[in-house]
Amino acid sequence: MNEHEEYLQEQNDLTKRRLEELEELKAKGANPYAYGFEVDRYSSDIVKSFKDDSPAEEVSVAGRIMSVRRMGKASFCHLQDSKGRIQVYLKRDDLGEVYDMFKLMDIGDFIGVNGFVFRTRTGEVSIHTKRLELLTKSVRPLPIVKEKTDEQGNKTIYDPFSDKELRYRQRYVDLVVNPEVRSAFEKRARVVSTVRRFLDEKGYLEVETPVLQPLYGGASARPFVTHHNALDVDLYLRISDELYLKRLIVGGFEGVYEIGKDFRNEGMDKSHNPEFSMLELYVAFKDYNWMMNLVEELVHSVSMNVTGSPKVKAGDNEIDFTPPWKRITMLDSITEAAGEDLAGKSEVELAALAKKHHVEVDPSMGYGKIIDALFSELVEPNLIQPTFITDYPVEMSPLAKRHRSKLGLVERFELICNGHELANAFSELNDPLDQRSRFEDQARLRARGDEEAMVIDEDFLRALEYGMPPTAGLGIGIDRLTMIMANQPSIRDVIFFPQMKPEK
RNA sequence: GGGGCUGUAGCUCAGUGGUAGAGCAUCUGCCUUUUAAGCAGAGGGUCGUAGGUUCGAUCCCUACCAGCCUCACCA
């Protein structure tokens, strides 16, 4: 048995049948893998612009066959291109031998069609085919999804392609068959392009910094490790861009941003993927108050561009991004939720308060960690409308500048929306001595076994010693922003190829 | 890592301790404006993998693999 025969042997009957058709088509002189086709219109544009009283228009379209209805000497099929679908009418009288070739074509095949636009008796705008070309033969059967639209315009889907494992592993099939998937990713692209345009118009410079780093930093997370053979050194995939972008502020750029992938070696769930996209922005001579205004403007602009409205549906909630948004300090937000004033409370008193509200604490947790636990449990899940939480304990924020008037706090805010963190920002710490002592605190945590504590970056400290101007910094998770804008409950639905265990 | 649910035809799913089922898809026949096309007929399966119990396992048991949900951990 030769290789080709072995391959045939392994295939199921549906694929075998298609491989036979492929040979028959070749025998009839068709090239089942053609080189191109002149397209002049998109399906949905033709349907939209059709007018019954205008003279018949000639069009050329190309796409995949998504349904076929054969009735002896005439057939209908639906052709799907990147904009939608249009019905195609094929008649033996018009096509002759080509009509016999069409009998060898299947759902999934790419065809090119040239003909004139008309409306059928049943009212559907269609193309009356004059010329038909096979562009690509599909030898593996697609899932067949049928839908019916009733008089009220309600769609019923029959036999949906819904197995999540198959959808993620074979996203190409998911995209062909489930139009709403394509639409979510188109929204993702618009999120990114809006952010980029917004920041470019403000005059900030888009830059690229290393993904492979000798030291990782800028966030609390475990990294991926890799190895450079020629240098014989271990390198880390970045967990954030922060320390490199701040070096660029030291170097004299007054506004820099980067949109790129970060990598964190942690668990996965519906809001975490090991690689994810992050926007980071640093602007000289500004502080976190200024940055809050910018974030309001930026996210509002994304919402308008992506959804056409400042109001966005997220599951059962409607989120309104019209500025200004609520701003409240972290302590006040806990005070509000717990109904007890936190001001001046000691660590012991806080721990007692936590127990009272059934928030788990253990003796190893310091003041900052208890505050964080209280916040995560009592406040964060209930924040649906965009809210700035400000002024975090210094222990939680080793790269943020101390608050100008509140002892033990830093000038930091997070934007919480729909119960999740969407952005994180601070007035950047630029005192090299303070930064060194914060790194050293982190090193002590690390020595005690905190694998996520930051490592000391001497080169970054050296840069700060040369002087970094007052700077406001921001990070926004692009995936999570997209989840909200596209109303997708899982990060896997806004990442084309989410991380999966290997297929066995 | 803990708990729950799931894995049967290309897709979506029923089902039973004794020869494996449906709809759609596929194939054959009829049909030149149909549309979840229709009518008549046909083919298609290692029932996730490996063990065990049993005369006999797709079904019961165990382990493993994969997926989803959830909790924990984590930003």
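Lettering of chains follows the sequences in order, A, B, ..., and the numbering in each one begins at 1.
- One side chain, A:Asp391 or A:Tyr288, offers a donor N or O that lies under 3.5 Å from an acceptor on the other.
- Helical stems in RNA chain B, defined as runs of 3 or more consecutive Watson-Crick or G-U wobble pairs with both donor-acceptor distances under 3.5 Å, are listed by first residue as B:1-7 with B:65-71, B:10-13 with B:21-24, B:26-30 with B:38-42, B:48-52 with B:60-64.
- When rounded to the nearest whole Å, the span between NZ of A:Lys164 and P of B:rU12 equals 13 Å.
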CA sep, side-chain torsions, deciding dist, call: A:Gln87, A:Ser126, side chain to side chain donor-acceptor pair (under 3.5 Å): CA-CA 5 Å; A:Gln87 181 168 258; A:Ser126 308; 3.0 Å; yes
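- Relative ring orientation between A:Phe413 and A:Phe388 is described as perpendicular, the plane-to-plane angle rising above 60° on a 0-90° scale split at 30° and 60°.
- When the P atom is compared between B:rC65 and B:rA25, the two are found 39 Å apart, to the nearest whole Å.
- Straight-line distance from the CG atom of A:Asp493 to the P atom of B:rG67: 16 Å, rounded to whole Å.
- Taking atom CD of A:Glu21 as the reference point, atom C1' of B:rG10 lies 14 Å away to the nearest angstrom.
- A donor-acceptor pair under 3.5 Å links the side-chain atoms of A:Ser240 to the main chain of A:Gly217, judged by distance alone.
- A distance-only check finds no donor-acceptor pair linking the side chain of A:Arg264 to the backbone of A:Pro274 [under 3.5 Å].
- Here B:rC27 presents its P atom at 14 Å from CE of A:Met105, a figure rounded to the nearest Å.
- Between B:rC39 and B:rG45, the distance separating the two P atoms is 26 Å to the nearest Å.
- When the C1' atom is compared between B:rU32 and B:rG23, the two are found 29 Å apart, to the nearest whole Å.
- For residues 56-76 of chain A, every residue pair satisfying the salt bridge (charged side-chain N to carboxylate O under 4.0 Å, His left out) rule, not counting sequence neighbours, is listed here: A:Arg41-A:Glu57.
- For the pair A:Ser67 (side chain) and A:Ile65 (backbone), a donor-acceptor distance under 3.5 Å is absent.
- Following rounding to the nearest Å, A:Asn178 (CG) and B:rU12 (C1') show an atom-to-atom distance of 12 Å.
- Within the structure, a side-chain polar atom (N or O) of A:Arg169 is placed less than 4.0 Å from OP1 or OP2 of B:rG67.
- Applying the side chain to side chain donor-acceptor pair (under 3.5 Å) definition to pairs two or more places apart or across chains, those involving residues 471-483 of chain A are A:Arg188-A:Asp479, A:His272-A:Arg480.
- Look at the C1' atom in both B:rG44 and B:rC27: the space between them is 10 Å, to the nearest Å.
- At the heavy-atom level, A:Ser220 lies under 4.0 Å from the strands shown only through sugar-phosphate atoms.
- Closest to the side chain of A:Leu166, from the set B:rU12, B:rC27, B:rC74, is B:rU12.
- To the nearest whole angstrom, the two C1' atoms, one in B:rA20 and one in B:rA9, are 11 Å apart.
- Distance noted for atom P between B:rC11 and B:rU16: 23 Å (whole Å).
- Across all strands shown, A:Leu142 has no heavy atoms under 4.0 Å from either base or sugar-phosphate atoms.
- Closest contact between the side chain of A:Glu266 and the listed nucleotides B:rA75, B:rC13, B:rG67 involves B:rA75.
- Residues A:Tyr282 and A:Glu280 bring a donor and an acceptor atom of their side chains to less than 3.5 Å of each other.
- Look at CE on A:Met66: it is 12 Å from C1' on B:rC11, rounded to the nearest Å.
- B:rC24 and B:rG67 have their C1' atoms separated by 24 Å, given to the nearest Å.
- The separation between A:Ile65 atom CD1 and B:rU26 atom C1' is 15 Å, rounded to whole Å.
- In this structure a side-chain-to-backbone donor-acceptor pair under 3.5 Å is missing from A:Arg169 to A:Met500.
- Look at the P atom in both B:rU46 and B:rG10: the space between them is 8 Å, to the nearest Å.
- Comparing A:Pro141 and A:Ile144 along RNA chain B, the residue whose closest nucleotide (by nearest heavy atom) sits nearer the 5' end is A:Pro141.
- For A:Ala453, the side chain to side chain contact (heavy atoms under 4.5 Å, CB included) partners are A:Gln442, A:Leu445, A:Arg446, A:Asp450, not counting sequence neighbours.
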Applying salt bridge (charged side-chain N to carboxylate O under 4.0 Å, His left out), run through A:Lys137 and A:Asp106 and close with a yes or a no. CA-CA 8 Å; A:Lys137 181 71 189 163; A:Asp106 289 298; 2.8 Å; yes
Could you run down nucleotides 32-42 of chain B 5' to 3' and tag each one B, S or - for protein heavy-atom contact under 4.0 Å? BBBBBB-----
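- Here the P atom of nucleotide B:rC74 and the CD atom of A:Gln499 are 22 Å apart, to the nearest Å.
- Proximity of a side-chain donor or acceptor of A:Asn178 to a complementary backbone N or O of A:Val181 within less than 3.5 Å is not detected.
- Contacts between residues 409-425 of chain A and RNA chain B, counted as heavy-atom distances below 4.0 Å, involve A:Glu414, A:Glu421.
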